[in-house]
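The next block holds one structure in the form of structure tokens; read it before the comments.
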Amino acid sequence: MLERILEQKSAITLDLQNIKKNGFVPRDWKLIEGYVEVLKPIFEATKELCQEKIPTLSMVNPILCTIETKLKNFISKNNDLISGISFARSVHKSITTRFQVCKTNTVYMLATIIDPRFKIIMLEVLEPHEVEAAKEILKIEVEALRTPPSNIQITNETTEQSEHTLEPSKSSLWDILNERSATIKHMEGQIDYVLREIQEYLKLPLISPTSNPLTWWSSNQTTFPNLLPVAMKYLGIPATSVCSERMFSKAGQIVTKRRQRLSPGSVEQLVFLHDNL
């Protein structure tokens, strides 16, 4: 609304003069301009985080960082109260306090890292150990989601080592240990491969912030097979409850007083058609 008032500043001033009413003084106009500049990035962030076609949870920390930076820049370049600097300080303090948990939450961190639009761009301004810690968290998550092999084959290396024993054992006493040794070597090889895959993924250039990361992962799923389950898990999480609230609103428009006999299955199909056609 304030932005619309600024757009119609000339018309409002002229109309107030014609009806001989006291209008806005220059101090008021400057204050409105300051409020608009402070609130504009928050308004744009709200629209971005309420989208349904692209992942939004991964956008939370980058957007928070952008808003905080814009507010700091506004505060640093203004030194008078009539520009809205007090309001900007209050908003900056509220955002920093309220959303601090998002910056340290593992779910938000993983969603941002696995998004090819951002990766570790938000961590590179921190200490190097913070970046390494984030990579370690991603590695642990990859290992947790990776499907373990059903059958572990004893490698040639294990066979060669067994040839150097003093006496070839005909007993099956050591079969379990041999299998576990082969499993450990296999897992170590998988961990090294996961680390290499993470490094290769992080080396790739970032895609545009306006691109759809799901399209990127669809094209690169065979290149990063171990990272794909992490992307599928975290990029599907919405940042807000707007999507579900919209769905309830649509259902309320379908199930009316004159359509109370609709079965749950019919309602589900109608809502699906309404949302996808």
Side-chain angles (χ1 to χ4, degrees), residues 1-9 12 24-52 54-115 117-138 206 208-210 213 234-235 237-246:
M1 183 180 69
L2 293 177
E3 192 172 22
R4 293 288 294 169
I5 291 176
L6 287 179
E7 292 176 358
Q8 303 298 324
K9 178 180 178 180
I12 293 174
F24 294 109
V25 298
R27 176 190 179 95
D28 296 331
W29 287 114
K30 188 171 183 180
L31 193 61
I32 293 175
E33 291 174 357
Y35 284 173
V36 169
E37 187 174 351
V38 170
L39 295 174
K40 188 173 182 178
I42 300 176
F43 171 71
E44 294 174 347
T46 302
K47 292 196 299 182
E48 288 290 332
L49 293 175
C50 291
Q51 297 186 78
E52 298 183 13
I54 63 174
T56 53
L57 186 69
S58 57
M59 301 166 61
V60 172
N61 282 332
I63 284 178
L64 286 175
C65 181
T66 301
I67 292 176
E68 291 177 2
T69 302
K70 286 182 176 293
L71 290 175
K72 288 179 181 178
N73 293 339
F74 177 86
I75 294 171
S76 62
K77 73 177 183 180
N78 294 280
N79 52 13
D80 54 346
L81 296 178
I82 62 173
S83 62
I85 190 171
S86 298
F87 177 64
R89 287 172 178 165
S90 178
V91 172
H92 180 268
K93 181 180 179 181
S94 298
I95 290 178
T96 304
T97 303
R98 181 172 184 178
F99 297 102
Q100 181 62 33
V101 64
C102 298
K103 300 178 181 179
T104 57
N105 188 282
T106 303
V107 175
Y108 287 88
M109 183 182 298
L110 285 171
T112 304
I113 295 174
I114 208 64
D115 192 323
R117 296 174 297 175
F118 310 116
K119 298 183 182 177
I120 58 173
I121 190 173
M122 307 309 302
L123 301 174
E124 291 177 345
V125 297
L126 303 176
E127 297 295 331
H129 70 274
E130 295 286 350
V131 177
E132 294 302 321
K135 293 180 181 178
E136 182 66 20
I137 292 175
L138 178 59
L206 300 177
S208 171
T210 58
Y234 289 96
L235 293 184
I237 304 175
T240 67
S241 61
V242 172
C243 298
S244 59
E245 291 173 1
R246 286 174 180 164

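Model, not experiment: these values are computed from the prediction. Starting from 1, each residue takes its place in the sequence as its number.
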**Request:** Please identify each residue that fulfils salt bridge (Lys or Arg N to Asp or Glu O under 4.0 Å) with Lys77, with sequence neighbours left out.
**Result:** Glu37

**Message:** According to salt bridge (Lys or Arg N to Asp or Glu O under 4.0 Å), who are the partners of Arg4, at least two apart in sequence or on a separate chain?
**Reply:** Glu7

**Prompt:** Between the side chain of Ser90 and the main-chain N/O of Ser86, is any donor-acceptor distance below 3.5 Å?
**Reply:** no

**Asked** Ignoring hydrogens and geometry, is there a side-chain-to-backbone donor-acceptor pair from Asn61 to Cys102 under 3.5 Å?
**Response** yes

**Prompt:** Between Glu132 and Lys135, does at least one N-O distance fall below 4.0 Å, as a salt bridge requires?
**Reply:** yes

Partners meeting side chain to side chain contact (heavy atoms under 4.5 Å, CB included) with [X] (sequence neighbours left out):
X      : result
Ser241 : Ser244, Glu245
Thr210 : Ser208
Glu44  : Lys40

What distance do [X] atom [atom1] and [Y] atom [atom2] have between them, rounded to the nearest 0.5 Å?
X      : Y     : atom1 : atom2 : value
Leu235 : Thr56 : CG    : OG1   : 10.0 Å
Ile237 : Ser58 : CD1   : OG    : 10.0 Å
Ile95  : Ile42 : CD1   : CD1   : 4.0 Å
Lys30  : Ile32 : NZ    : CD1   : 13.5 Å
Leu49  : Ile63 : CG    : CD1   : 4.0 Å

Mind checking what makes side-chain hydrogen bond (donor to acceptor under 3.5 Å, both in side chains) contact with [X], not counting sequence neighbours?
X      : value
Glu52  : Arg246
Glu48  : Gln51
Tyr234 : Glu141

For a quick test of your reading: what N or O donor-acceptor pairs under 3.5 Å do the side chains of residues 69-76 make, sequence neighbours left out?
{"residue": "Thr69", "atom": "OG1", "partner": "Cys65", "partner atom": "O", "Å": "2.8"}
{"residue": "Asn73", "atom": "ND2", "partner": "Thr69", "partner atom": "O", "Å": "3.2"}
{"residue": "Ser76", "atom": "OG", "partner": "Lys72", "partner atom": "O", "Å": "3.2"}
{"residue": "Ser76", "atom": "OG", "partner": "Asn73", "partner atom": "O", "Å": "2.9"}

**Qualifying side chain to side chain donor-acceptor pair (under 3.5 Å) pairs, either residue in residues 102-112, two or more places apart** = Glu68-Lys103

**Message:** Tell me every residue that passes ring pair (Phe, Tyr, Trp, His ring centres under 6.0 Å) with Phe99, counting only those two or more places apart in sequence or in another chain.
**Reply:** none

Locate the shortest heavy-atom distance separating [X] from [Y]; write the atom from each residue and the value.
X      : Y      : result
Arg117 : Asp115 : NH2-OD2, 2.7 Å
Met109 : Ile137 : SD-CD1, 3.8 Å
Tyr35  : Leu2   : CB-CD1, 3.8 Å

**Request:** Taking the side chain as every heavy atom from C-beta outward, state whether Phe87 and Leu31 have any pair of such atoms under 4.5 Å apart.
**Result:** no

